[in-house]
Amino acid sequence: ISEDTPPQNLSERSLAAVADFIKSGRARRIVVMTGAGISTAAGIPDFRSPETGLYANLAALNLPEPEAVFDLAFFQQNPRPFYALARELYPGARYRPTVSHAFLALLARKNLLHVLFTQNIDCLERAAGVPPDRIIEAHGSFATQRCIDCREPFADDAKMRESVERGEVPRCERVVGRDEDETDGIGGKEQDEERRCGGLVKPDIVFFGEALPKAFFERSGAVQEADLVLVMGTSLQVHPFAGLPNMAEEEVPRVLFNLERVGSFGTRADDVMVLGDCDAGVRKLADALGWRDELEKAWREL
Ligand code: CNA
C-alpha cells in the first residue's frame, strides 16, 4: 500500500479513527496480542531491546548464548540460569501491572475483549483482572510444572514456590521402585528404600523446540473472528505466535503499539502504527475514547 491508499474500515489511519471505530460499536470482538514490551514499565526487562533486554544481561550467568536459558538440552546440564530467571519472574507481589495491562482489563470489563494472546510468562494480565478464560498463555506459565524425564506433573505448588524462592532446583519425586535393604540380617528390621525418579522439574514454560499449549491452537481461530486487532510490545520474532496478526481478515483494522515497526504492519490499508511507549499510546487511545479517568482509576487501584 502507499501513503494515499484509503483504509476500508477506518476513516483514516489514526488513533482517533480507531477510537471512532470502537465508539461506533463496530469493534465488538477485539483480539489482542502482547509481548514483553507491555511489562517493561513494570520493571521486567524484555528479551531483545539492546542494553536493557534480558538477553543483553544474561552474560553474568555464563551462558553459551542467551537463548540457552530456554533450551532443553542446556537446561538438562545446567538448570540454574533458568531458575535464576524463574525466581525473578515468579508470579507474586514483586511486579505491578502496567497501564497497558489495566487497559486490557478495561476492554474485558466493557465486554469488548474477545481473546488475549500473550507471550508473557509474568501473569500480569491476570493480576490486572483480565478474566483467565479470555487469556491464552501461548508460551505457557508458572502455574504448573513437571519432570522433564518422565513428564510426571509435580503437584506440590507450595513446595515448588519455596524451591524457586530459595534458588533450589526441585527434583521429581515419583516413586519408581524399591531398594530392598537386607544387609542387617539377624533380627534387624528390613528397610525398603523408595527409589525416586529424580529428574529435573521444569515449570510448564515453553522452551525452544517444545510444542505450544493445545489451547493456543484451539483458540487461534479467534483471530479470524476479530473485528479489531491490537498488537502491543512484541518484536513478533517468535513463531508460530508471530503469525497471528496475519490471520486477521484483510480489512480488519490492526493497531500496533510498539517502540518499533514489526511483522507485516504497514502492509495493509487499515494498519495503524502507534510507535513509542505502549503505555503512552494506550493513554492516547483512552483519551480519544473518553475512558482516560476510568483507566487511570482502574490502574491506581490494582
Ligand atoms: P522481545 O523480543 O524482547 O520484544 C519486545 C518488543 O517490545 C520489542 O519490539 C521492543 O521494541 C518493544 N518494547 C519494549 N519496551 C516497550 C515499551 N515500553 N513500549 C512499547 N514497546 C516496547 O519480546 P517478545 O515478547 O516479542 O518475545 C517473545 C518472548 C519473550 C516470549 O517467549 C516471552 O516469554 C519472553 N519474555 C517474557 C517476559 C515477560 O513475561 N514479561 C519478559 C522477557 C521475555
Side-chain angles (χ1 to χ4, degrees), residues 1-38 46 48 99-101 103-104 106-108 110-119 130 134-136 138 216-217 219-292 295:
I1 58 155
S2 74
E3 285 271 299
D4 34 54
T5 311
Q8 297 179 308
N9 255 319
L10 298 174
S11 57
E12 56 178 30
R13 281 190 287 273
S14 73
L15 211 43
V18 174
D20 288 341
F21 186 71
I22 296 173
K23 282 192 282 189
S24 76
R26 286 195 291 157
R28 279 171 304 126
R29 280 182 301 213
I30 304 181
V31 172
V32 184
M33 293 132 205
T34 60
I38 69 162
D46 65 6
R48 293 180 181 81
V99 171
S100 295
H101 291 105
F103 181 78
L104 300 177
L106 193 57
L107 281 183
K110 293 182 183 290
N111 248 325
L112 298 173
L113 182 65
H114 191 39
V115 182
L116 162 61
F117 293 91
T118 183
Q119 297 167 94
V130 180
R134 297 279 122 188
I135 308 173
I136 298 294
F216 175 83
F217 300 100
R219 297 286 289 282
S220 59
V223 184
Q224 278 148 306
E225 298 159 5
D227 36 34
L228 176 65
V229 168
L230 308 180
V231 175
M232 307 168 70
T234 169
S235 62
L236 290 183
Q237 288 200 23
V238 181
H239 290 274
F241 192 98
L244 289 177
N246 297 337
M247 290 168 60
E249 298 293 340
E250 187 68 29
E251 71 287 355
V252 164
R254 304 187 304 174
V255 189
L256 174 69
F257 296 93
N258 210 55
L259 291 180
E260 49 179 357
R261 191 175 87 80
V262 295
S264 65
F265 270 89
T267 63
R268 292 187 180 185
D270 288 78
D271 282 351
V272 176
M273 290 187 274
V274 187
L275 299 187
D277 173 57
C278 55
D279 284 352
V282 155
R283 282 185 158 121
K284 264 191 228 151
L285 178 57
D287 274 334
L289 284 163
W291 299 356
R292 180 69 185 273
L295 173 66

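In this chain, residues are counted from 1 in sequence order.
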Closer than 3.5 angstrom, by distance alone: can the side chain of Glu260 be matched with the main-chain N or O of Leu275 as a donor-acceptor pair?
no
Does the side chain of Leu15 reach to within under 4.5 Å of the side chain of Phe257, using non-hydrogen atoms?
yes
Give a yes or no on whether the backbone of Arg29 and the side-chain of Asp227 come within a donor-acceptor separation of less than 3.5 Å.
yes
Decide side chain to side chain contact (heavy atoms under 4.5 Å, CB included) for Arg13 and Ile1; before the verdict, give the C-alpha distance in whole Å, the side-chain angles of both, and the deciding distance to 0.1 Å.
CA-CA 12 Å; Arg13 281 190 287 273; Ile1 58 155; 4.1 Å; yes
Which residue pairs pass the side-chain hydrogen bond (donor to acceptor under 3.5 Å, both in side chains) test when at least one of the two sits in residues 236-248, sequence neighbours left out?
Asn246-Arg254, Asn246-Ser264
Report yes if the side chains of Leu104 and Thr34 come closer than 4.5 Å at any heavy-atom pair, otherwise no.
yes
Between the side chain of Arg268 and the main-chain N/O of Val252, is any donor-acceptor distance below 3.5 Å?
no
Applying side chain to side chain contact (heavy atoms under 4.5 Å, CB included), can you list everything that pairs with Ala108, at least two apart in sequence or on another chain?
Leu113, Pro131
For the residue pair Ala286 and Leu295, what are the closest heavy atoms and their distance?
CB-CD2, 3.7 Å
Please check if the side chain of Asp46 supplies one atom and the backbone of Gly37 the other of a donor-acceptor pair under 3.5 Å.
no
Asp270 side chain vs Pro7 backbone, donor-acceptor pair below 3.5 Å
no
Ignoring hydrogens, what is the shortest heavy-atom contact between Thr118 and Phe241? Give both atom names and the distance.
C-CE1, 3.9 Å
Just by distance, do the side chain of Asn258 and the backbone of Met232 share a donor-acceptor pair under 3.5 Å?
no
Closest approach of Gly263 to Leu236 (non-hydrogen atoms, all atoms of both residues)
CA-CD1, 4.0 Å
Between Met33 and Val223, is any pair of side-chain heavy atoms under 4.5 Å apart?
yes
Restricting to non-hydrogen atoms, name the atom on Met273 and the atom on Phe265 that form the minimum distance, rounded to 0.1 Å.
SD-CB, 4.0 Å
Exercise: identify the closest heavy-atom pair between Ala248 and Val229
CB-CG2, 3.8 Å
Phe21 and Pro253, any side-chain heavy atoms less than 4.5 Å apart:
yes
Derivation and outcome, side chain to side chain contact (heavy atoms under 4.5 Å, CB included), residues Ile38 and Val282:
CA-CA 11 Å; Ile38 69 162; Val282 155; over 6 Å; no
Show the nearest heavy-atom pair for residues Thr5 and Ala269, with the distance to one decimal.
CG2-CB, 4.2 Å
Gap between atom CG of Leu230 and atom SG of Cys278 - 0.5 Å precision:
11.5 Å
Please check: side-chain N/O of Asp271 versus main-chain N/O of Gly266, any donor-acceptor pairing under 3.5 Å?
yes
With a sphere of 6.0 Å drawn around CZ of Arg28, does it hold more than 12 non-hydrogen atoms of other residues, nucleotides or ligands?
no
So CD1 of Ile22 and NZ of Lys110: to nearest 0.5 Å the spacing works out to 10.5 Å
If we ignore hydrogens and angles and just use 3.5 Å, is the side chain of Asp287 paired with the main-chain N or O of Arg292 as donor and acceptor?
no
Heavy-atom side-chain contact between Val31 and Leu244 under 4.5 Å
no
